[in-house]
Amino acid sequence: MYVIVEIAGQQFKAEKGRKLYVHRLAGEEGSSVSFDRVLLTDNDGQVKVGTPVVEGSKVNAKILKHLKDDKVIVFKKKRRKGYQVQNGHRQCLTQILVEEILA
């Protein structure tokens, strides 16, 4: 069984026991969080699509740790003008473990 769930504005495929990297969530490491914006459920071929969400469905997860993603280099250049700018960015992420899917 899997579900498509919206977490922090992005959609993820969640299965029981799967680890996901999502945008930084408010909460301490080790605490539990639940997400009720379930957009689709698939239970062995029986697919339910929400309009916009599936009523009564919920995903419970546990926050494992807060971390930063790999550095992304942003380089801008205008040729023949002597203009070059280089910036770096590291996105703050949270690793969660899907513990339970209530559908």
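Because the structure is a prediction, the values reported are computed rather than measured.
Rounding to the nearest 0.5 Å gives a distance of 11.0 Å between OG of S34 and CD of E99. Rounding to the nearest 0.5 angstrom, the gap separating the CD1 atom in I101 from the CZ atom in R18 is 10.0 Å. Remark: D42 CG to K48 NZ distance equals 11.5 Å, nearest 0.5 Å. Separating the CD atom in Q95 from the CG atom in L25 is a distance of 12.0 Å, to the nearest 0.5 Å.
Residues I73 and N87 fail the side-chain proximity criterion, which asks for heavy atoms closer than 4.5 Å. Using a 4.5 Å heavy-atom cutoff, the side chains of V72 and R90 are not in contact. Side-chain contact between Y2 and L40 is present, with at least one heavy-atom pair separated by less than 4.5 Å. Put simply, the side chain of V47 does not reach to within 4.5 Å of the side chain of T41, judged on heavy atoms.
No continuous path of ILVMFWY side-chain contacts below 4.5 Å connects V59 to L39, so the two sit in separate hydrophobic clusters. Residues I7 and V33 fall within the same hydrophobic cluster, defined by Ile, Leu, Val, Met, Phe, Trp and Tyr side chains chained together at heavy-atom separations under 4.5 Å. By the criterion of side-chain heavy atoms lying less than 4.5 angstrom apart, applied directly or through intervening Ile, Leu, Val, Met, Phe, Trp or Tyr residues, M1 is grouped together with L20 in one hydrophobic cluster.
Judged by distance alone, with hydrogens and angles left aside, the side-chain atoms of N43 form no donor-acceptor pair with the main-chain N or O of Q46 at under 3.5 Å.
I96 approaches A61 most closely through the heavy-atom pair CD1-CB, 4.2 Å. In plain terms, the two heavy atoms of S57 and A103 that are nearest each other are OG-CA, 3.7 Å. Scanning both residues, V54 and V49, for their nearest heavy atoms gives CG2-C, 4.2 Å. Closest heavy-atom contact between Y21 and F12: O-CE2, 3.6 Å. The shortest heavy-atom contact between V98 and A14 is CG2-CB, 4.0 Å. When all heavy atoms are compared, the tightest approach of R24 to L93 is NE-O, 3.4 Å.
Among residues at least two apart or in separate chains, side-chain hydrogen bond (donor to acceptor under 3.5 Å, both in side chains) pairs with a member in residues 61-86 are H66-T94.
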Between K19 and L64, is the side-chain contact (heavy atoms from CB on, under 4.5 Å) condition met? List the steps. CA-CA 9 Å; K19 293 179 183 176; L64 296 179; 3.9 Å; yes
